[in-house]
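No experiment lies behind these values; they were computed from the predicted model shown. We name chains A, B, ... by the order of the sequence lines, and we start the count at 1 in each one.
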Amino acid sequence: MTVRERFRNEVEAKVKEALDAMACKTSFEVEAPSTGIADLALPCFSLAKSMRKQPQAVAEELCSHISCGGLICEVQPVNGYLNFYIDQDSMVRETLRELLESGEDYGRQKNKGIRVNVEHTSVNPTGPIHVGRARNPIIGDTLSRCLRRCGYDVETEYYVNDVGKQVVLLTWGVLNIPPSEVELSERDKTDHRLVPYYRLANQMMETSDEVREQIAEILRRFEAGDEQVISQVRKVVEMMLEGLKETLDAINVHLDRYVWESQYIADGSARRVVEMLKATPYCGVEDGAYYLELKDFGIQGKNTRFTFTRSDGTTLYTTRDLAYHLDKFSRADRVIDVLGEDQKLGNQQLSIALQILGVESKPEPLFYSFVSLPDGKMSTRLGKVVYLDDLIDEAVQRAYEEVRKRRDDLSEKKMWEIARIIGIGAIRYNILRIQPEKKMVFRWEDALNFDGNSAPFLQYAHARACSILRKAGDFEPVVDETLLTVDYERKLISVISQFPEVITECGENKRIHLLPSYGHELASAFNQFYAAVPVLTSGDKRNARLTLVDCSRTVMKITLETLGIVAPEEM
RNA sequence: GGGCGCGUGGCCUAGCCAGGAUAUGGCAGCAGCCUCCUAAGCUGCAGGUCAGGGGUUCGAAUCCCCUCGCGCUCGCCA
């Protein structure tokens, strides 16, 4: 248990005792004041109502029944609140002690023995990842990192859509269009190289009946389980995926497994889903196409039907997704899906269908809104896109220029290495700092922001801490609260002590945007300390301060790592 | 048209789920700070009818209703 948890427990126990003494049985809630005026506070307004007294009078009366002691060093009735203050010396001592003991495992919870499956990214393998879709892998990856730190056994996976018209069309293009007929792609990377074939195939299908018929034929053979066609599609999709993986690798996203949609057709599980759904009382059929009637399940709108087979009996995307979810639930206790907001209805239908099939747990969707460009929606077809690869290049390039501006002592190789860490960090941070459900407008100046509330701000503070420690050399760690009495030191330690509860909130409630915010607060507290308090030249306080710098460095590092951002030792 | 989501200083954003004390930060702007551990930093100033209106409450950015604006969605597509 952390100091802050113990402090809260003590406060709640004292309040309970005081209320008992006043013969009051009303329940109460202790809160952390937003203004930072106290460490914890008890609002006495609802108590006042049930006791038919003035709030301030209640606060004062409660106060008279509470004595300080333990971690509580002061209690004050103010404006109808009862304010509690934590004993600073204990807070400093205990926090640093915990941190020195656990090191980079600070804030890591014991293994819960709960398996969580996080599906994220899953972009259609018909083109490179663009910045609109980039929210998905970055959110999914960071959420997974938070959950791991919260003690869950996390497995991440990418659901590869290797079924359907789009991938068949792409495959047709790659197999039938001679390379001499397509424009050269701007980037020599497999996903980009395939784009011209896909674009041209789309055009040809619109203009040529012959092409359209050929593609329809391949699609029929695909649906019929023609092994040659399936393997051709698979090969092309694998080629595309190779490029996508390179991009994901560049932004520090690594998935544990790739699951192929075609698998659920091949192993018959999609068929089994169809049979099970047909046997339910909600099933109906029209022109040979089967559907579930969902109007009794809160689905609103013109069409409350969830169709799960075509009239020719073949399965649909959502049918296979259902088979996939049954598979996931057989492998995990919790299933989380990171999805674009356009999937909301589909996901709701999926969830109801799973319920009808008797699955007790529900998938937990995490939706994010789309990223648009200042002049409107992104469109791959119209060429109105910014590819993630281009954003990465631009970010690294700009970071390189910034590094070169201030470091003439580094080798080219080292400068590019640092630039990469900073550029990628800036991209991830900029996406993570905003609540997923808020829509984003992509602007280069925001995406490449290196000041203020940004990854480089946090990375810079980390590098400064590393720099001091490098210059200090070996030292004996000291935890002595009497040597760390400056306000800046105490503020910094207070922020450090909040890390475990922030991680818990991020993981348990899937509110990962709180982590960048915490990181900024931490780096800001460190920078203020850095500017005001000398470390290396501080005489008998040197080792105590070096210990604080080292502890700060640890927490900044694990905050960055949980965000999926590298913590550079110099920049 | 129905459903879901969003609307906080010029711009971006926290707080909303679990209503409470002067609404969080950042960018841009203005004024300062490098003979001293990396100035990607620090200090200060200025800037807000929390989209609008009603309601619930001792108390509303937060909960409820209505209106407006924006996004997504309502396929035998994936």
Side-chain angles (χ1 to χ4, degrees), chain A residues 29 31 33-38 41 43-46 48-49 54-55 78-81 83 124 126 161 163-167 261 286-291 298-305 307-314 316-318 320-321 340-346 348 367 369-370 372 377 399 402-403 405-407 422 426 430 433-435 437-441 443 445-446 449-461 463-472 509 511 513-514 516-517 520-521 523-524 526-528 530-538 545 549 570-571:
Chain A
E29 189 103 14
E31 63 179 37
S34 57
T35 46
I37 196 164
C44 299
F45 303 94
S46 58
K49 197 171 184 183
Q54 291 299 315
V78 183
N79 296 337
Y81 290 85
N83 288 339
N124 285 340
T126 50
N161 304 128
V163 178
K165 196 171 173 182
Q166 298 311 308
V167 284
E261 181 179 349
E286 190 175 292
D287 300 334
Y290 286 84
Y291 62 86
I299 297 286
Q300 321 258 345
K302 290 178 194 159
N303 195 346
T304 58
R305 288 178 182 182
T307 306
F308 61 91
T309 77
R310 298 195 181 90
S311 15
D312 64 4
T314 55
L316 293 158
Y317 171 81
T318 322
R320 298 179 300 261
D321 202 15
E341 62 178 337
D342 57 335
Q343 308 285 312
K344 277 188 181 176
L345 179 61
Q348 205 184 350
F367 295 108
S369 295
F370 287 124
S372 59
K377 216 171 152 175
E402 295 294 323
V403 175
K405 240 190 264 174
R406 44 207 113 199
R407 299 294 299 270
I422 292 167
N430 187 248
R433 57 181 261 269
I434 293 166
Q435 287 183 21
E437 59 268 27
K438 289 214 182 191
K439 51 188 171 244
M440 288 179 81
V441 175
R443 289 192 187 88
E445 62 265 36
D446 292 339
N449 177 32
F450 292 175
D451 305 311
N453 191 6
S454 72
F457 180 87
L458 185 41
Q459 290 171 317
Y460 184 62
R464 280 176 145 181
C466 289
S467 176
I468 292 179
L469 293 166
R470 212 167 28 240
K471 290 204 162 108
N509 296 328
R511 305 214 308 150
H513 66 284
L514 298 175
S517 170
H520 182 261
E521 198 185 343
S524 179
F526 182 80
N527 279 332
Q528 286 167 39
Y530 180 95
V533 184
V535 176
L536 295 175
T537 56
S538 59
R545 286 182 176 166
V549 171
E570 58 178 325
M571 60 189 271

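Atom name C1', nucleotides B/rC27 and B/rC16: the rounded distance is 24 Å, in whole Å. Spacing between B/rA18 and B/rA60 at atom C1', rounded to whole Å, works out to 15 Å.
At most 12 non-hydrogen atoms from other residues, nucleotides or ligands lie less than 6.0 angstrom from CD of A/E29.
Residues passing the side chain to side chain donor-acceptor pair (under 3.5 Å) test with A/N509, sequence neighbours excluded: A/E505. For the side chain to side chain donor-acceptor pair (under 3.5 Å) test, no residue two or more places apart in sequence or in another chain qualifies with A/K471. Residues passing the ring-ring contact (aromatic ring centres under 6.0 Å, His included) test with A/F526, sequence neighbours excluded: A/F529.
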Between protein and nucleotides 76-78 of chain B, what N or O pairs are separated by less than 3.5 Å?
from   : atom 1 : to     : atom 2 : distance (Å)
B/rC76 : OP2    : A/T307 : OG1    : 3.4
B/rC76 : O2     : A/S311 : N      : 2.9
B/rC76 : O2     : A/S311 : OG     : 2.8
B/rC76 : N3     : A/S311 : OG     : 2.8
B/rC76 : N4     : A/E286 : O      : 3.1
B/rC76 : N4     : A/D287 : OD2    : 3.4
B/rC77 : OP2    : A/R310 : NE     : 3.1
B/rA78 : OP1    : A/R310 : NH2    : 2.6
B/rA78 : OP2    : A/Y317 : N      : 3.2
B/rA78 : O3'    : A/V163 : O      : 2.7
B/rA78 : O2'    : A/N124 : OD1    : 3.3
B/rA78 : O2'    : A/N124 : ND2    : 3.4

Can you name the atoms? Protein N/O to nucleotides 4-6 of chain B N/O, anything below 3.5 Å, with the distance.
from  : atom 1 : to     : atom 2 : distance (Å)
B/rC4 : O2'    : A/K344 : NZ     : 3.2
B/rG5 : O4'    : A/K344 : NZ     : 3.3
B/rG5 : N2     : A/K439 : NZ     : 3.3

Dot-bracket notation for RNA chain B is requested: 5' to 3', Watson-Crick or G-U wobble pairs only, both distances under 3.5 Å, with ( ), [ ], | and . as defined.
(((((((..(((.......[....))).(((((.......))))).....(((((..]....))))))))))))....
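Remark: the A/D451 side chain and the B/rA39 base include no donor-acceptor N/O pair separated by less than 3.5 Å.
The side chain of A/R443 contributes no N or O atom lying less than 4.0 Å from OP1 or OP2 of B/rC27.
Between the P atom of B/rG26 and the CD atom of A/E445 lies a distance of 19 Å, rounded to the nearest Å.
We find that A/E341 and A/K344 are not joined by a salt bridge, their nearest charged nitrogen and carboxylate oxygen being 4.0 Å or further apart.
No contact: A/Y291 has no heavy atom under 4.0 Å from any strand.
Checking B/rU13, B/rC42, B/rA21 against the side-chain heavy atoms of A/R433 singles out B/rU13 as nearest.
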